[in-house]
Amino acid sequence: MTETGRILSDLKKSRKEHDRLLSYVHRYASTKGVNPKNVGLYVFPNGHIIQDRYPTKAASYEFECIAEMYKKGALF
């Protein structure tokens, strides 16, 4: 594999991991009855999830707490 191919492959893996994290945070928030905006997410009507560009400090903290649970492998 060329160097460019390796970089693109790593970028794709990183993007997939970030998408999984966003999905996990959204599922966790929805099962706990929390508004996605309160955890720093924006959900489009078609189901696409993105991270809020300018979240509040509380939303950033909540997102990081849930992300730590995801990284540790804790299930909700």
Side-chain angles (χ1 to χ4, degrees):
M1 181 181 292
T2 63
E3 184 178 353
T4 304
R6 195 172 311 115
I7 291 170
L8 291 174
S9 176
D10 291 343
L11 184 63
K12 185 177 179 182
K13 287 178 187 175
S14 173
R15 177 67 185 186
K16 281 186 177 183
E17 185 63 30
H18 185 71
D19 287 345
R20 282 189 200 113
L21 173 65
L22 292 179
S23 176
Y24 178 84
V25 171
H26 180 254
R27 280 187 289 139
Y28 184 86
S30 64
T31 58
K32 299 297 182 185
V34 177
N35 187 355
K37 188 75 171 169
N38 293 340
V39 292
L41 296 178
Y42 183 79
V43 182
F44 289 98
N46 66 356
H48 184 72
I49 304 167
I50 61 171
Q51 200 168 0
D52 194 0
R53 184 174 284 184
Y54 303 108
T56 62
K57 288 182 181 182
S60 293
Y61 178 74
E62 288 294 323
F63 184 86
E64 289 302 319
C65 289
I66 297 170
E68 280 297 317
M69 290 191 313
Y70 173 75
K71 291 175 185 173
K72 290 180 181 178
L75 298 176
F76 55 92

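In terms of modelled atom types and a separation under 3.5 Å, the side chain of T31 and the main chain of R27 share a donor-acceptor contact.
Residues Y28 and I66 approach most closely at CD2-CD1, 3.6 Å, considering heavy atoms. Residue P36 comes nearest to H26 through the heavy atom pair CG-CD2, 4.1 Å, listed as atom of the first residue, atom of the second, then distance. Here the closest non-hydrogen pair linking P55 and G40 is CB-CA, 4.2 Å. Shown here for K37 and D52, the closest heavy-atom pair between the two residues is NZ-OD2, 3.1 Å. Across every non-hydrogen atom of I49 and S23, the tightest pair is CD1-CA, 4.3 Å.
In this structure the side chain of F63 reaches within 4.5 angstrom of the side chain of L21, judged on heavy atoms.
Counting non-hydrogen atoms of neighbouring residues, nucleotides and ligands closer than 6.0 angstrom, the OH atom of Y54 reaches no more than 12 such neighbours. A 6.0 Å sphere centred on CZ of R6 holds more than 12 heavy atoms belonging to other residues, nucleotides or ligands.
A salt bridge links R20 with E17: the distance from a Lys NZ or Arg NE/NH1/NH2 to an Asp or Glu carboxylate oxygen falls below 4.0 Å. A salt bridge links D19 with R15: the closest approach of a Lys/Arg side-chain nitrogen to an acidic carboxylate oxygen falls below 4.0 angstrom.
Atom CE of M69 sits about 9.5 Å away from atom NZ of K72, to the nearest 0.5 Å. Rounding to the nearest 0.5 Å gives a distance of 9.0 Å between OG1 of T56 and CD of E62.
Taking the six-membered ring where tryptophan is involved, the planes of Y42 and F44 are perpendicular, since the angle between them exceeds 60° and thus also 30°.
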